[in-house]
Amino acid sequence: MPSLQSHRARLLYLFTLLGLGTLIVYATGGTSFAYPYLLLIPIVLAANWYHLRGALLMSIAAGFAVGPWMPMQVLTGEMQPTANWVARLLLYGFIGLFVGLLFQRLNQNNRILMGAMGTDPRTGLPNQGALDSDLGRLLPQMTSGRRVDQRASSLAMLLIQVTDLNEVLEAMGTNAADELVGGLARKLKEDTPKILDVYRFGGNELIATVGHIDQESLTSVVDRIADLGEEMWELQGIPVRIQLAVGSYISTPPHIDSQEMIRRVHTALLAARDRNQFYCPYDATQEKSSVDRMLLISNLRKGLRNHELELFYQPKICLETGQSCGSEALLRWRQADGGHIAPGLFMPKVENTTLIAPVTRFVVQQSLTFLQQHPEQTVSVNFAVRNLFDKELLFDLPLMLDQAGIDPGQMEIEITERALINNPELARVIIGELRSLGFQVSLDDFGTGYSSFAYLKHLPLTGLKIDRAFVKDLEHEPRARQLMQCMVDVANALNLSVTAEGVENELQARILRDMGCQQAQGFLFARPMPLDQIRNWRPRLQ
């Protein structure tokens, strides 16, 4: 809506045009000439700015401006007949009525269109367009407030992500997913009066704006969001619990622009996701992490094209015989100085990007080369969460083995519990398909999750890899030995092979063998080696 100053400027402009038009009519000899039509200009402008009411008022003003007091012939002083100026007044009024209604209808249609453009059609929530518009209005108001209290002129933004919305989408469809997002937004706004509005920012993201608040007070809003994440939501008669992640940013005068606010709150959300936290406020130090992540992903793409990646292989040892019973393929990134970057330094960042697909294909292809040279061996390949649900990769995998002449039983696919948490039922189906094709499938880092034992009953696994955290204290911690014995017994009872990671000394190896653990890997036996070294490597007998 125009400001008071804008209204004054418009009125001054209109009456200036009206006055100039009247002077021109008089200066050109009176109303007998065509110049009275110049007064249609302020009438049309008034219709544009003030619609029907403004157009009619300007029509009356223009009609009287060249009406009974304006001569028809200035030189002779002949005045207009009454019928003449009344007819002109009615003509101006008719034109004002027409253009006033026209601009009024155009303005109504424009408001409807702008409203539709600012509304998410699936949920009825305001969308990113509405957010940009509202921020463009709010931020200048807060900056010009001239308040001493920073809190009184602050604007907080919360980016809320429903991290498991895809599960709802796949299980119940788009309507249920939209119902969940819309319900969450409305519940949040109803229960938290401090929130100005909630916008649908993306498919699984909401942005909430909060005015006049500081970081300490914002915590209470975040706590309410956490409570909503703990509630059960009923969708299509099915109770659902959702997982949320939240990032926040508070802007104080002088305010940054809206797009920079959105970028910063998104940076905070990424930090929360990277740290596996529910909530993270924006901090300038997160910028370096974001830039470093971008540079790393960019450099790794170049490294993949420039053949800087290679596989190292760490043997698995049969604890009963002391002989090699396979190897795990471990990715290394070769640097210009000849050194290598271990996967733990870059793979966690890569796993959440589309780059994981070509990287995993590279690992599989190189592993097939290894198996062609070691037909008596098996090799284990790590699959990230994205890999397990990558239909194209799963379709191509048996074709790649067939072309290389490798039996699927020679390749073991290792998955983490995180892949199961995302979608346990779909993971069960996919693992079943891999098993039907002949692949071995083991659960990596077993014991580090919350529900590992529950998965064993339902998943068609062939093996478990027990995390090194349970191995390191075996020789001097009775409770560590009891826990390890429990895991080994469960695995053996289910006919699953057991591999212990991180074995570093003979005593650990002997304890594991006595417990019934079949396989182990660790620095006691061999460090990861490149292909040319593992060709000549031979295990030492136990």
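Only heavy atoms go into these numbers, but all of them, side chains included; no hydrogens, no water, no symmetry mates.
With Asp390 contributing its side chain and Glu392 its backbone, the two residues share a donor-acceptor pair below 3.5 Å. In terms of modelled atom types and a separation under 3.5 Å, the side chain of Thr192 and the main chain of Val221 share no donor-acceptor contact. Panel note: side chain Arg88, backbone Val66; a donor-acceptor pair is recorded below 3.5 Å. Between the Trp49 side chain and the Leu14 main chain, no donor and acceptor come within less than 3.5 Å of each other. Of the possible polar contacts, none joining the Ser258 side chain to the Gly136 backbone as a donor-acceptor pair under 3.5 Å is found. Under a 3.5 Å cut-off, the side chain of Asn387 and the backbone N or O of Ala384 do form a donor-acceptor pair. For Thr163 (side chain) and Gln243 (main-chain N/O), a donor-acceptor pair under 3.5 Å exists by modelled atom type. Put simply, the side chain of Thr353 gets close to the backbone of Val350: a donor and an acceptor are under 3.5 Å apart. Thr123 places a side-chain N or O within 3.5 Å of a backbone atom of Leu125 that can act as its donor or acceptor partner.
For Ala272, the side-chain contact (heavy atoms from CB on, under 4.5 Å) criterion is met by Cys280, not counting sequence neighbours. Applying the side-chain contact (heavy atoms from CB on, under 4.5 Å) test to Ser133 and every residue at least two apart in sequence or in another chain returns nothing. In this structure, the side-chain contact (heavy atoms from CB on, under 4.5 Å) partners of Leu89, at least two apart in sequence or on a different chain, are Phe64, Trp85. Partners of Arg264 according to the salt bridge (Lys or Arg N to Asp or Glu O under 4.0 Å) rule, which considers only residues two or more places apart in sequence or in another chain, are Glu260. Under the salt bridge (Lys or Arg N to Asp or Glu O under 4.0 Å) criterion, Arg224 pairs with Asp191, Glu231, not counting sequence neighbours.
Asp134 and Tyr199 form a side-chain donor-acceptor contact under 3.5 Å, judged by distance and modelled atom types alone. In the model, Ser220 has no side-chain atom that pairs as donor or acceptor with a side-chain atom of Asp223 under 3.5 Å. For the residue pair Tyr282/Thr267, the side-chain donor-acceptor check at 3.5 Å is not satisfied. Under the 3.5 Å distance criterion, with hydrogens and angles disregarded, a donor-acceptor pair is assigned to the side chains of His7 and Tyr50.
Residue pairs meeting the side chain to side chain donor-acceptor pair (under 3.5 Å) criterion with at least one member in residues 22-35, sequence neighbours excluded: Thr31-Gln80, Ser32-Gln73.
Between Asp132 and Gln128, some side-chain heavy-atom pair lies under the 4.5 Å cut-off. Residues Ile262 and Phe201 meet the side-chain proximity criterion, which asks for heavy atoms closer than 4.5 Å. Side-chain contact between Pro68 and Thr82 is absent, with no heavy-atom pair separated by less than 4.5 Å. Counting heavy atoms from C-beta outward, Ile160 and Ile207 have side chains that stay 4.5 Å or more apart.
Between Leu355 atom CG and Leu304 atom CG the span is 6.5 Å, to the nearest 0.5 Å. How far OG1 of Thr174 is from CG of Leu165: 10.5 Å, rounded to the nearest 0.5 Å. To the nearest 0.5 Å, the span separating CG on Asp178 from CG on Leu235 amounts to 11.0 Å. To the nearest 0.5 Å, atoms CG (Leu300) and CZ (Arg305) are separated by 10.0 Å. The line from CG of Leu40 to OH of Tyr37 is 8.0 Å long, rounded to the nearest 0.5 Å. How far CG of Leu206 is from NZ of Lys189: 12.5 Å, rounded to the nearest 0.5 Å.
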From CA spacing to verdict: side-chain contact (heavy atoms from CB on, under 4.5 Å), Leu269, Tyr279: CA-CA 7 Å; Leu269 176 65; Tyr279 168 65; over 6 Å; no
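Heavy atoms of other residues, nucleotides or ligands lying less than 6.0 angstrom from CG of Leu75 number 12 at most.
Aromatic rings of Phe362 and His307 (six-membered ring for Trp) have centroids beyond the 6.0 Å cut-off, not under it.
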